[in-house]
Amino acid sequence: MSRLLHRDTVPPVPAAELTARSADGSRIHVELHGPEDGPAVVLAHGWTCNTRFWDAQIRDLAADHRVIAYDQRGHGLTPEPGPGGYSTNALADDLEAVLAATLAPGRRAVLAGHSMGGMTVMAAAARPGLREHAAAVLLCSTGSTRLAAEARVLPLRAGALRTRITTAVLGAKAPLGPVNPVSRKILKYATMGAGSAPDRVDACARIVHACPRRARVEWGHVLAELDLSAGVRELRVPTAVIAGTDDRLTPPVHARAIAAALPVGLGLTELAGMGHMTPVEAPEAVTAKIRELVTRYVATGTAAERKAATAEKEDVA
């Protein structure tokens, strides 16, 4: 994944790692990057992905931000939950747990969610933890409802047949198999724009194929029945939306509907030629939007100001 920036060949090394405990006792793996007193950014990845999905953003932002990235339950280094542990409420619980474990009371951050990560933010919209800690939100390539009905992965006319087959695909138990030229081609068609660079396609394929089958299947069932329309209306913090014009999994119709329904919407950015994996396909655009939100909405508790305040106290003493 680090090859996304065409320079490093190893993943970013976190400054620290910790385990957050969710409401049902699930352990959530969390990585902390960058200076502790930098403005905070929280990154929530999507279905079948893990923290490595955000490597490009982490490398850029960690130079001067406190970047908090975590593995969704069942993904990456976060264990699969027990019975009943797959739901949008569980996603909201996990995000609240991560915020409580990594941010001091009252400290605010920009929350960026891709795909299921964006759905996580919408699911948590009315939660006290989100309202305490979210200064602004970026929703990337996501949807709030009718995912199976609107998906265009299958080359069929929109309607009941396509919806039924798409629902079956989302919950398919067949293993993905090894990463090879055929599987990369399939993944690129389903999730990325036609012009995506081979190294970025390969990076996404390796991340997706590493997802445990049970987590992929269980979350696929959740996504097929998703309805977070109420969560969109409850997301009462400044929120920007990004979508790829060639996204087959969550076509721009979703982003447009979300942007229109947000209480404090900051508009929609449509990235021409990009597919569903926008943070990987267009890392510069996504990172720039996160930086813009930090500049506009995160309190200016910068490292320089805190050092100055500390020095002033020392002088007085």
Side-chain angles (χ1 to χ4, degrees), residues 12-23 26-45 51 54 57-72 78 91-114 117-118 120-140 231 234-240 262-264 266 279 286-314:
V13 177
E17 296 176 275
L18 59 84
T19 298
R21 286 281 181 177
S22 194
S26 293
R27 295 181 289 111
I28 311 300
H29 174 75
V30 185
E31 296 180 3
L32 307 173
H33 298 261
E36 194 285 328
D37 56 357
V41 174
V42 179
L43 304 175
H45 68 75
T51 57
W54 296 106
Q57 286 70 42
I58 291 170
R59 289 193 184 282
D60 186 301
L61 294 169
D64 51 357
H65 292 69
R66 186 60 159 180
V67 183
I68 300 157
Y70 71 100
D71 285 325
Q72 301 268 25
T78 294
L91 293 177
D93 287 340
D94 296 349
L95 177 56
E96 277 202 300
V98 170
L99 296 176
T102 59
L103 299 174
R107 186 176 183 185
R108 284 150 58 80
V110 167
L111 276 52
H114 169 258
T120 300
V121 175
M122 290 183 273
R127 297 291 187 91
L130 184 136
R131 292 189 171 179
E132 176 184 1
H133 292 294
V137 166
L138 175 62
L139 300 176
C140 299
E234 288 291 337
L235 195 51
R236 302 183 185 280
V237 297
T239 301
L262 286 166
V264 194
L266 300 176
V286 172
T287 303
K289 181 59 69 172
I290 294 173
R291 283 188 171 275
E292 176 187 326
L293 294 174
V294 169
T295 299
R296 290 180 63 183
Y297 296 105
V298 177
T300 57
T302 63
E305 289 172 328
R306 294 185 187 186
K307 286 180 181 178
T310 300
E312 182 178 348
K313 289 180 181 178
E314 291 175 349

*Asks:* Ignoring hydrogens and angles, state whether a donor on the side chain of E17 or H29 is under 3.5 Å from an acceptor on the partner side chain.
*Replies:*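 Yes, a side-chain donor-acceptor pair sits under 3.5 Å.
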*Asks:* Rounded to the nearest 0.5 Å, how far apart are CD1 of I290 and OG1 of T295?
*Replies:*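 Those atoms lie 11.5 Å apart.
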*Asks:* Assess the residue pair L95 and L111 against the criterion (side chain to side chain contact (heavy atoms under 4.5 Å, CB included)); give the C-alpha distance rounded to whole Å, side-chain angles, the decisive distance to 0.1 Å, and a yes or no.
*Replies:* CA-CA 10 Å; L95 177 56; L111 276 52; 4.2 Å; yes
*Asks:* Nearest 0.5 Å please: distance from the CD1 atom of I28 over to the OG atom of S22.
*Replies:*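 Answer rounded to 0.5 Å: 5.0 Å.
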*Asks:* With sequence neighbours left out, write down each residue that passes side-chain hydrogen bond (donor to acceptor under 3.5 Å, both in side chains) with T78, or none if nothing qualifies.
*Replies:*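 So T78 forms no side-chain hydrogen bond (donor to acceptor under 3.5 Å, both in side chains) with any residue.
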*Asks:* Of all residues at least two apart in sequence or in a different chain, which pass the salt bridge (Lys or Arg N to Asp or Glu O under 4.0 Å) check with R131?
*Replies:*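 R131 satisfies salt bridge (Lys or Arg N to Asp or Glu O under 4.0 Å) with E234 only.
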*Asks:* Could you go through the side chain to side chain contact (heavy atoms under 4.5 Å, CB included) check for L266 and Y297 one step at a time?
*Replies:* CA-CA 12 Å; L266 300 176; Y297 296 105; 3.3 Å; yes
*Asks:* Closest approach of G129 and L99, non-hydrogen atoms and distance?
*Replies:*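 Smallest interatomic distance, heavy atoms only, reads O-CD1, 3.8 Å.
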*Asks:* Return all side-chain donor-acceptor pairs below 3.5 angstrom for residues 62-71, not counting sequence neighbours, or 'none' if the list is empty.
*Replies:*
residue: D64; atom: OD1; partner: R291; partner atom: NH2; Å: 3.0
residue: D64; atom: OD2; partner: R291; partner atom: NH1; Å: 3.2
residue: H65; atom: ND1; partner: L61; partner atom: O; Å: 3.2
residue: R66; atom: NH1; partner: G34; partner atom: O; Å: 2.6
residue: D71; atom: OD1; partner: T51; partner atom: N; Å: 2.9
residue: D71; atom: OD2; partner: L77; partner atom: N; Å: 2.8

*Asks:* Are T120 and D94 close enough, and set up right, to give a side chain to side chain contact (heavy atoms under 4.5 Å, CB included), and what steps lead you there?
*Replies:* CA-CA 9 Å; T120 300; D94 296 349; over 6 Å; no
*Asks:* Identify each donor-acceptor pair in which a side-chain atom of residues 132-140 lies under 3.5 Å from a protein atom, sequence neighbours left out, and give them as a table.
*Replies:*
residue: E132; atom: OE2; partner: G106; partner atom: N; Å: 2.8
residue: H133; atom: ND1; partner: R107; partner atom: O; Å: 2.6

*Asks:* Show the nearest heavy-atom pair for residues A125 and G231, with the distance to one decimal.
*Replies:*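 Taking A125 first and G231 second, the nearest heavy atoms are CB-O, 3.2 Å.
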*Asks:* Out of curiosity, L130 CG to M122 CE, how far, rounded to the nearest 0.5 Å?
*Replies:*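 Going from CG on L130 over to CE on M122, the span is 12.0 Å.
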*Asks:* With rounding to the nearest 0.5 Å, note down the distance linking CG in D60 to CH2 in W54.
*Replies:*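 The CH2 atom of W54 is 13.0 Å from CG of D60, to the nearest 0.5 Å.
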*Asks:* Roughly how far, to the nearest 0.5 Å, is the CZ atom of R21 from the CG atom of D93?
*Replies:*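 Interatomic distance, D93 CG to R21 CZ, rounded to 0.5 Å: 14.0 Å.
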*Asks:* By side chain to side chain contact (heavy atoms under 4.5 Å, CB included), which residues pair with A123, not counting sequence neighbours?
*Replies:*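 Checked A123 against side chain to side chain contact (heavy atoms under 4.5 Å, CB included); matches are T88, A92, L228.
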*Asks:* Applying side-chain hydrogen bond (donor to acceptor under 3.5 Å, both in side chains), name anything that partners T102, two or more places apart in sequence or on another chain.
*Replies:*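 So T102 forms no side-chain hydrogen bond (donor to acceptor under 3.5 Å, both in side chains) with any residue.
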*Asks:* Identify the two heavy atoms, one from P263 and one from L235, that lie closest to each other, and give their separation to 0.1 Å.
*Replies:*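 Heavy-atom minimum between the residues: CD-O, 3.5 Å.
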